[in-house]
Amino acid sequence: MIEFASSQQSTLGVEWELALVDGATGELIPAADEVLAAIGKNHPEIAADGQHPHIKQELLLNTVELVTDVCNTVGQAKADLARNLNIVREAATPLGVELMCSGTHPFSHTQHQAVTDKERYSKLIDRTQWWGSQMVIYGVHVHVGLDNVNKAMPVIDGLVNYFPHFQALSASSPYWNGEDTGYASQRALMFQQLPTAGLPFQFPDWAGYEAYVADMFTTGVIDSINEIRWDIRPVPHFGTVEMRICDGLSTLEEVGAIAALAQCLVDDFSTTLDNGGSIPTMPPWHAQENKWRAARYGLEAIIILDAAGNERLVTEDIYELLNKLEPVAAKLGCSDELRDVENILRHGAGYQRQRDVARANNGALRPVVEDLVARLKL
């Protein structure tokens with residue numbers, strides 16, 4: 001039996017993966033150990049045993065991750081992230097290290113990236129070999145609290161319906177090893193190559209999920225429940241659902257917009273269930289096709305809306321969704337952040353901005369990195 005922790009409804013946690021780049025060349029740089037050591041030295045009152053509780057190591061030494069505390073509002077989460085972003089920058093700047101965030105780095109080659117010296121990362125690379133070594137990718141994860149374990153699987157099914165909306169809004173990985181892939185999100189298709197990654201399975205209830213996890217342990221697929229790397233997954237020890245769809249987002253405003261959309265959707269689903277309603281699902285093949293369309297076409301994707309196969313341009317559906325969620329956002333105190341989703345629609349997603357910068361510079365990708373670094377400083 002898998003215990004689902006008690007969690008206050010619609011509380012929030014955000015994880016934001018940042019890339020470390022050489023200030024002189026724009027290349028990824030394996031400086032995480034030095035940056036984290038400097039943070040521990042600069043902030044001994046916060047860092048226990050030299051480890052900051054909200055600034056973490058990741059798979060690669062070119063990455064640090066900001067992790068918020070449990071927050072009640074998106075505003076709180078943004079303030080938490082901003083505070084810790086400043087702490088990282090304070091440590092990184094004297095080392096000649098700049099910060100950026102997008103789903104992938106535009107031109108640094110994957111085979112040149114050093115892995116963090118931890119047993120779980122070494123085990124992952126040993127098992128997954130070439131595919132594991134390609135995981136030079138960055139994302140934003142949003143946790144939203146649920147007050148009842150029986151909501152977990154229906155809420156995950158509901159979020160799958162909106163997978164292409166999140167993917168299209170956040171898509172920021174058109175380039176891979178210096179080449180334009182033709183996709184809005186190369187990261188989406190790369191990450192699903194890991195074992196147990198990709199879209200979640202659909203289960204009628206929590207017992208179905210428990211049976212799946214038991215099978216994964218029995219057959220040796222996983223040694224820890226955290227090794228289930230679905231794009232949307234329950235996190236039992238936090239009492240949350242975790243939305244892991246999004247490519248890395250280059251500004252705090254964009255992170256807040258995505259967090260608000262996730263929080264509002266989960267709260268709306270929860271209210272529906274509290275009122276005795278149900279959440280519609282789509283066949284897995286529709287969900288899989290939507291993922292591919294959003295990864296390929298981004299905000300220009302025509303997505304499948306329902307089990308009947310009705311279709312619509314994703315941006316049109318996002319605008320309708322934002323109108324529907326306005327009262328929910330008002331209740332949760334994230335109206336301003338939800339409106340920031342419209343800024344992405346008006347000004348373009350990350351993949352569009354990156355291509356615009358490259359075109360303006362005769363295809364050069366160094367200016368793309370410079371633009372990403374500058375955006376994170378705004």
Side-chain angles (χ1 to χ4, degrees), residues 12-23 26 28-48 50-105 116 137-143 170 172-173 243-244 246-260 262-263 334 336-337 340 343-344 350 353-354 368-378:
L12 194 68
V14 181
E15 302 167 6
W16 191 11
E17 295 171 348
L18 306 177
L20 308 176
V21 298
D22 189 308
L28 289 169
I29 184 170
D33 286 344
E34 292 85 352
V35 170
L36 292 169
I39 290 170
K41 183 178 179 181
N42 294 343
H43 298 275
E45 76 286 357
I46 300 174
Q51 299 295 313
H52 194 285
H54 299 297
I55 304 171
K56 306 290 186 178
Q57 283 187 314
E58 257 296 332
L59 170 66
L60 299 174
L61 286 173
N62 60 38
T63 310
V64 296
E65 182 180 46
L66 308 185
V67 181
T68 70
D69 206 341
V70 178
C71 301
N72 290 308
T73 67
V74 178
Q76 290 175 3
K78 287 176 66 178
D80 193 325
L81 291 171
R83 180 169 57 252
N84 289 316
L85 176 62
N86 288 334
I87 289 173
V88 175
R89 182 166 284 122
E90 171 193 40
T93 300
L95 299 171
V97 176
E98 296 282 7
L99 308 175
M100 58 157 265
C101 187
S102 64
T104 56
H105 188 281
T116 299
I137 54 178
Y138 308 89
V140 171
H141 302 168
V142 181
H143 291 258
S170 69
S172 62
S173 50
M243 201 272 295
R244 299 153 51 85
C246 292
D247 278 17
L249 296 158
S250 60
T251 70
L252 187 60
E253 178 185 292
E254 290 178 336
V255 174
I258 290 296
Q263 187 186 33
C334 62
D336 290 344
E337 290 86 2
D340 285 337
N343 290 335
I344 300 175
R353 296 196 303 263
Q354 289 181 38
V368 176
V369 172
E370 292 170 348
D371 181 70
L372 288 165
V373 168
R375 286 180 184 277
L376 195 54
K377 290 180 177 177
L378 295 178

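- Contact check for Asn42 versus Glu90: side-chain heavy atoms found under the 4.5 Å cut-off.
- Counting all heavy atoms, side chain and backbone alike, Ala82 lies closest to Leu252 at CB-CD2, 3.7 Å.
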Ile258 and Met243: CA distance, side-chain angles, deciding distance, side-chain contact (heavy atoms from CB on, under 4.5 Å) verdict: CA-CA 10 Å; Ile258 290 296; Met243 201 272 295; 4.0 Å; yes
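- Side-chain contact check for Gln57 versus Leu36: some heavy-atom pair is nearer than 4.5 Å.
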Residue pair Val88, Leu66: steps toward the side-chain contact (heavy atoms from CB on, under 4.5 Å) verdict: CA-CA 9 Å; Val88 175; Leu66 308 185; 3.7 Å; yes
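- For the 3.5 Å distance criterion, the side chains of Glu254 and Asn343 fail to qualify, holding no donor opposite an acceptor.
- Put simply, the side chain of His105 gets close to the backbone of Gly26: a donor and an acceptor are under 3.5 Å apart.
- A donor-acceptor distance shorter than 3.5 angstrom exists from the side chain of Gln76 to the backbone of Asn72, with no hydrogens or angles considered.
- In plain terms, the two heavy atoms of Val14 and Val255 that are nearest each other are CG1-CG1, 3.8 Å.
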From CA spacing to verdict: side-chain contact (heavy atoms from CB on, under 4.5 Å), Thr116, Leu59: CA-CA 6 Å; Thr116 299; Leu59 170 66; 5.9 Å; no
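- Residues Leu85 and Leu18 form a side-chain contact, since some pair of their non-hydrogen atoms from C-beta on lies under 4.5 Å apart.
- Minimum heavy-atom separation, Glu17 to Gly139: OE1-N, 2.8 Å.
- Defined by atom type and a distance below 3.5 Å, a donor-acceptor pair is missing between the side-chain atoms of Ser172 and Arg353.
- Nearest heavy-atom pair, Val74 versus Gly256, reported as atom, atom and distance to 0.1 Å: CG1-O, 3.5 Å.
- In this structure a side-chain-to-backbone donor-acceptor pair under 3.5 Å is missing from Glu65 to Glu58.
- Contact check for Leu61 versus Asp33: side-chain heavy atoms found under the 4.5 Å cut-off.
- Note that CG of Asn84 and CD1 of Ile39 are 8.5 Å apart. Values are rounded to the nearest 0.5 Å.
- The shortest distance between side-chain heavy atoms of Trp16 and Cys101 falls below 4.5 Å.
- Between Glu98 and Glu370, every side-chain heavy-atom pair lies at or beyond the 4.5 Å cut-off.
- In this structure, Thr73 and Leu12 have side chains that are not in contact, with every pair of non-hydrogen atoms separated by 4.5 Å or more.
- Within the 4.5 Å cutoff, the side chain of His54 has heavy atoms near those of the Asp69 side chain.
- Scanning all heavy atoms of the two residues, the minimum distance from Met100 to Leu372 falls at CE-CD1, 3.8 Å.
- Distance CD/Gln354 to OG/Ser250: 8.0 Å, rounded to 0.5 Å.
- One side chain, Glu15 or His143, offers a donor N or O that lies under 3.5 Å from an acceptor on the other.
- Ala32 and Leu20 get closest at one heavy-atom pair: N-CD1, 3.5 Å.
- Side-chain contact of Ser173 with Asp247: a donor-acceptor pair under 3.5 Å is present, judged by distance alone.
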From CA spacing to verdict: side-chain contact (heavy atoms from CB on, under 4.5 Å), Tyr138, Thr63: CA-CA 8 Å; Tyr138 308 89; Thr63 310; 3.2 Å; yes
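- Rounded to the nearest 0.5 angstrom, Ile29 CD1 and Asp22 CG are separated by 4.5 Å.
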